[in-house]
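Each remark here refers to the structure printed beneath this line.
Side chains included, hydrogens not; waters and symmetry mates left out as well; all remaining heavy atoms used. Per chain, numbering begins at 1; letters A, B, ... match sequence-line order. Not measured: the values here are computed from a predicted model.
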Amino acid sequence: MSREAQWEVVIGLETHAQLQTRSKIFSGAATAFGAEPNRQACAVDIALPGVLPVLNREAVVCAIKFGLAVGAQIAPRSIFARKNYFYPDLPKGYQISQYEIPVVLGGGVAIKVSPDGTPREKIVRLTRAHLEEDAGKSLHEDFHGKTGIDLNRAGTPLLEIVTEPDMSSSAEAVAYAKALHSLVTWIGICDGNMQEGSFRCDANVSVRRPGEPLGTRREIKNLNSFRFLQQAIDYEIQWQINEIEEGRKIQQATVLFNPDTGETRAMRSKEDAHDYRYFPDPDLLPLEITPAWIDEVKSGLPELPGAMRARFERDFGLNAYDAEVLTDELAKARYFETAVAGAGAANAKLCANWVMGEIASRLNAEQREFAQLPVSAAQLAGVVARIADGTISNKMAREVFDALWNGEAADADTVIAARGLKQVSDASAIEPIIEEVLAANPKSVEEFRAGKEKAFNALVGQIMKTTKGKANPQQVNDLLRRKLGA
Amino acid sequence: MIDSSLKQLSAALAGKQVSAAELATVFLERIERLNPTINAFVTIDRDRTLAQARAADERRAQGERAPLLGVPLAHKDIFCTEGWLTTCGSKMLANFVSPYDAHVVSRFKAAGAVMLGKLNMDEFAMGSSNETSHFGPVKNPWDLDRVPGGSSGGSAASVAARLTPAATGTDTGGSIRQPAALCGLTGLKPTYGVCSRFGMIAFASSLDQAGPMTRSAEDSALMLNAMAGYDERDSTSLQRPPEDYGRDLDKPLAGLRIGLPREFFGSGMDDDVRAAVEAALNEYRKLGATTVEVGLPNSGLSVPAYYVIAPAEASSNLSRFDGVRYGHRAAEYGDLVEMYCKSRAEGFGAEVKRRILIGTYVLSHGYYDAYYLKAQKIRRLIATDFQRAFEQCDVIMGPTAPSVAFRFGEKSADPVQMYLSDIYTIAVNLAGLPGMSIPCGFGAHGMPVGLQVIGPWFGEAKMLNVAHQYQQGTDWHARMPEGVK
C-alpha cells in the first residue's frame, strides 16, 4: 500500500470573490483598481468620526445572482455583523460582515473528478455565501521602517463563498476553484482577476487515516492562483502526514504559503488568537430580500453554463468536450451562438472548430480576451457559410479571416471578391488544366502508375498552383483520379 | 434680548429690529464674559460666527424668509462641523478638525442659523455630570458648585446661562433630558430615527438620538422642525413625510390621559423631586387631564440592560480611534501594538476606558449569550411594557432624574451611583421612544427639578403640546439663574 493510500485528505475552501459593483459596499466611493493610494477612499471608507455605512443594492443583487446560480437558498432576512479586531488597514477597527445569518445558504458547484482514472461528476456542497467588505492594504516595502496604508480597497464588496469539506485532493480543490471562477465571471458578479486579488482562496486542509474521525485542520490563507492553490495544498498534505507519522499532533493554525519556497508556515499564535466579538451592526438594518426581488434578478440572469452545455449537445449535435470548452466562458459561448445563428445550425460543428481552433490560438498568441476579439461573430458566420457552400477552401478561409482580423473589410464576401478568392468548382474549367498538367508532367504520371501515391500529390499541387489555389481541392482530387483511371 | 425666545428673536430679525450680526455679537460678548466661569463652550471662533451672521443678513436682504435665518445657536461638540474642531470632549480628538458637517448641522446651516460655537460634554457622551470631559467640568449656572448633568452639560448650561438661545444635544440614556432637568430647561429626545445620526460621533448607535435643548417647548418645536428629516446616509433614519412639530402646541389638554408608572414613583426619588413632580401633575389635572397608574414591570432591568448594550456598541464604535489616521497618537512607541495601547491609554479618560472594558467583556466569546443577547431580550420586554402602557394613556409622566443637581465629586467615585442618575430616562432609549424633560419647580438648594414626559413612537407633536400648555400656565421655564443676570 502506497503512503498516500493510507491517508485520506479533507479539504474545504473559502473563496473571496470581489463583486463587480461601481461603488463600494457601504459608501459611494469608486471600486476601480489601480488608483493612486487613498484617492478612492471617502469619509466612510477612512472611518472618520460620525460616518455611517449604507448598503449598496448592487452588491446584494450580485449575492442573489450567485445564490440562484448555485441552487442555494436566499435568506429572506439576513444580518450584518461587526467583526472586531485592530489592524491599521482596517479603519473602523471592525469589518462589516455577515455572521450568524448569511444571505446565501447551501447550494453546490459541479466539478469533474477522476480519482480512479474514470471521470465522473461530483457536487461540491456549499455551506454558505455572505457579503462583507474588504480591508485596505498595508504597504511594507516602500517606506523605510514604516508601513504605508492604502485604503482604496477598504470597503470593496466581497462575497465569501464557503464549501463543505467535500474535496479530497488538491486536484479536486483546483477543479472546484476553476468551476467557481468560471461561474462567478459567467454570471458577471466578479471580474475573476486573480492577480489583482479579485478572486482568492483560503484552503482548510486536514488528513486522517480512513475510517477515523476528521483530523485537525490548518487554514492556508490568501491563495491567488490555481497553481499556488495546488502547490500549497500538496505541500500541506505532505507536511501534515509527516508530522503525524513522526508522532506529533497537528495544531489548529492559520498558515501562509510562500510561493518562492513552495512551503507553508504557521503564523505566530499571537497573529492568530482573535476573539472577534461579533455582534449585529446597529448601523445597518437587517437585509430583507423579497421573492419579487429574487424573481427580478432571476429574469436578468444569463443561461447558466450547465444548461447551455446540454442545449449545445442537444440542438447542435456537439460532443460533450466541445460543449464544455465552448461554455467555459460566457463571452465565448455567446460568440459561438451568434456565429451559429448566422451560419446555420447545420454548420455548428464548423463554427465550434473555428472558435476552439483558429480563434482560440490567435487570442492566446496575442494575449487577448474573447471580449476583445476583432472579428465579430457575424463576420465569422460569413466565413463559415462560404466554406460550407464550397465557395472557399479552408486555406482560403484562413486568409479571409486574417483580412477580417486586420480590419481590411466588413465581411467575408467583400474579401473574397476583392482578392478573387472564389474557388473554382466548375469541372469544365478545371479539366483543361488537368490535361495541361498531365501533358507537362509525364514523369509524375508514370510514377503514380507505378504505385507512388506521392506523385499524385505532386500533380494536385501543380494543378492548384496553375489555378492559383482557386480550384476546389476535393474536386481536383476526384477529377484527377478519374483521368488517371485510378 | 438675551432672554428672548427663538420665536421672539426670529420676529425681531424679520422685523429688522436687529441684525444677525448684532445678535451674534451680543451672545459672543456674553460668552466671552461668562464662559470662563461656566466652561460650557469648548470652541468659539468670533470671526467665523460673525461671517455666518453676515451671510444670514445677506440672505435676508435677498428676500429669504425662514424661521431660523440669522438666529444664533450652538452645537454639542459631538456633531461634526466642517472646518471647526470637533473634539467629543476627548483628548483623543482634541486636534480633530472635521472636514464635513453632520446632517443636523447642515440642516441648521441650510435654515440660516448662526453657530456661536461648540459645546462641552462628557467625553464621548459617557457621563451624567460633565465631569468626564477632557476640557474640564461645566458648571451649573444655578449653583457653580454643582454639576449641570450630562452628557449634554455644556448645551444645558449654555442655554440656562443665556449664552445661547438654544442648543443641540444628544441623548443615549438621558443625556438631553437629565441635564435639561438639572439646569431647568426644556429638552427633547425624539423617537429613534427622527434625526439623522450622520456626522454625530457614535457612542451607542442603537440608542443615540439628537434633539433640541431650549428654554420652552415652543422653541424646541422650532428646533426640531429644522433638525428632523430623512437622510439617506443614515440607514436607521426614518423615511416619513416632514411634519410641523409645533402644529398642536395650542390644543387644549382636556381629556388628556397621563400614565403614571408605579415603578417611577417608588423609593428611588428624593422628596423634593417628588413634591415638584406631584405639583406639576396637579397642574395638569387643572388643565383637564386625568391620571392613571400604569405598570412598566421590566423597567428595573433597564439600567443593567443599558450598561450591557451601550458599552458593547461603544467598545466597537470607539475602535476607530486608534491613532492611525487622525486623532491622538502617542509620541513614542516601539511597535504597532504599543502604538495602539499608548495612543488609546493616553487619549481616552477613565470612564471611556471603563465602558470599553465592559463592552469588550460582554461581547467576548462565551459571554455574548449571557450578556448581550439577554440584554437585547430585556430591551424587547421593556418596549412591550411601554406599548401596553400606551393602550391606557396618551403620555407617561414621572421624574426625569431622582435628585436635583449634585455637587462635583459627589458621585464620581462611585460609577454605579452615577449610572443611577439615569434610572428614569434609560428605558425610553431602549424602547426608541421620544422623551422630554420640562422644568416643573425647584427643589433642595434652589435647584431646578425636571418633569419627564414620555410619548409613544412619533408622539413629539403631542408631547410638545403637553409641555407648551403647561408652560402657558407656569413660569418655571422662564426663570433665570441669579448669577448670570
Side-chain angles (χ1 to χ4, degrees), chain A residues 26-28 38 41-57 79-96 99-100 136 138 140 145-151 154 268 270-271 273-287, chain B residues 78-80 86-88 90 92-93 96 98-103 124 196-202 204-208 231-237 309 312-313 315-327 336-337 339-340 344 359-368 372-373 376:
Chain A
F26 298 118
S27 83
N38 300 311
C42 70
V44 173
D45 304 323
I46 66 176
L48 283 185
V51 296
L52 296 169
V54 176
L55 179 60
N56 179 346
R57 205 181 143 87
I79 306 286
F80 285 98
R82 294 186 183 178
K83 179 181 182 178
N84 294 282
Y85 65 98
F86 284 98
Y87 206 69
D89 58 25
L90 185 73
K92 294 187 293 297
Y94 57 84
Q95 176 196 30
I96 304 176
Y99 183 56
E100 278 185 319
S138 293
H140 299 292
K146 291 184 178 176
T147 296
I149 305 292
D150 177 7
L151 296 177
R268 282 174 290 136
K270 204 171 155 188
E271 296 171 295
H274 281 307
D275 177 352
Y276 291 118
R277 292 171 283 122
Y278 282 100
F279 74 107
D281 191 330
D283 288 331
L284 290 161
L285 303 178
L287 168 57
Chain B
I78 199 166
F79 292 100
C80 285
T86 300
T87 69
C88 222
S90 181
M92 183 57 86
L93 290 177
F96 177 69
S98 175
Y100 76 101
D101 277 329
H103 183 73
F124 286 106
S196 166
R197 294 184 296 114
F198 188 82
M200 200 175 103
I201 298 175
S205 315
S206 72
L207 301 161
D208 297 343
D231 175 12
E232 60 179 12
R233 297 170 300 179
D234 174 2
S235 308
T236 63
S237 164
I309 293 168
E313 294 180 7
S315 70
S316 178
N317 284 334
L318 270 59
S319 293
R320 68 187 58 197
F321 306 113
D322 56 6
V324 173
R325 299 167 317 288
Y326 52 79
L336 177 65
V337 172
M339 185 188 93
Y340 284 148
R344 287 168 65 84
T360 303
Y361 178 80
V362 299
L363 289 177
S364 296
H365 187 71
Y367 295 99
Y368 177 84
Y372 189 78
L373 213 56
Q376 290 290 15

Heavy-atom distance under 4.5 Å to chain B: side chain of Y278(A), backbone, both or neither?
backbone

So, Y94(A) versus Y85(A), ring centres under 6.0 angstrom or not?
no

Without swapping roles, check the side chain of D208(B) against the backbone of A202(B) for a donor-acceptor pair under 3.5 Å.
no

When only pairs under 4.5 Å are counted, which of P88(A), A43(A), G93(A) shares the most heavy-atom pairs with chain B?
P88(A)

May I ask you to name which of L48(A), L284(A), V44(A), L285(A) has the most heavy-atom pairs under 4.5 Å with chain B?
L48(A)

E313(B) side-chain N/O to S205(B) backbone N/O, donor-acceptor pair under 3.5 Å:
yes

Could you look at A312(B) and say if it's the side chain, the backbone, both or neither that has a heavy atom under 4.5 Å from chain A?
backbone

Report which part of S98(B) has an atom under 4.5 Å of a heavy atom belonging to chain A: side chain, backbone, both, or neither.
neither

Please state whether the side chain, the backbone, both or neither of F79(B) comes within less than 4.5 Å of a heavy atom of chain A.
neither

Without swapping roles, check the side chain of R82(A) against the backbone of S316(B) for a donor-acceptor pair under 3.5 Å.
no

Keeping the roles fixed (side chain from R325(B), backbone from I46(A)), state whether a donor-acceptor pair exists under 3.5 Å.
yes

If we define contacts as heavy-atom pairs under 4.5 Å, which of L318(B), D234(B), V362(B) has the most with chain A?
D234(B)

Option in Y340(B), Y372(B), Y368(B), F96(B) with maximal non-hydrogen atom pairs under 4.5 Å from chain A:
Y340(B)

So, does S90(B) use its side chain to make a donor-acceptor pair with the main chain of T87(B) at under 3.5 Å?
no

R233(B) and D231(B): salt bridge (charged side-chain N to carboxylate O under 4.0 Å, His left out), yes or no, with the steps?
CA-CA 5 Å; R233(B) 297 170 300 179; D231(B) 175 12; 3.1 Å; yes

Under 4.5 Å from a heavy atom of chain A, the part of E232(B) involved:
backbone

Would you say the side-chain atoms of S319(B) pair up with the backbone N or O of S315(B), donor to acceptor, closer than 3.5 Å?
yes

If you tally heavy-atom pairs under 4.5 Å between each of L52(A), T147(A), V54(A) and chain B, the highest tally belongs to L52(A)

Per-residue contact mode, N84(A) against chain B (heavy atom under 4.5 angstrom)
side chain

Please state whether the side chain, the backbone, both or neither of L93(B) comes within less than 4.5 Å of a heavy atom of chain A.
side chain

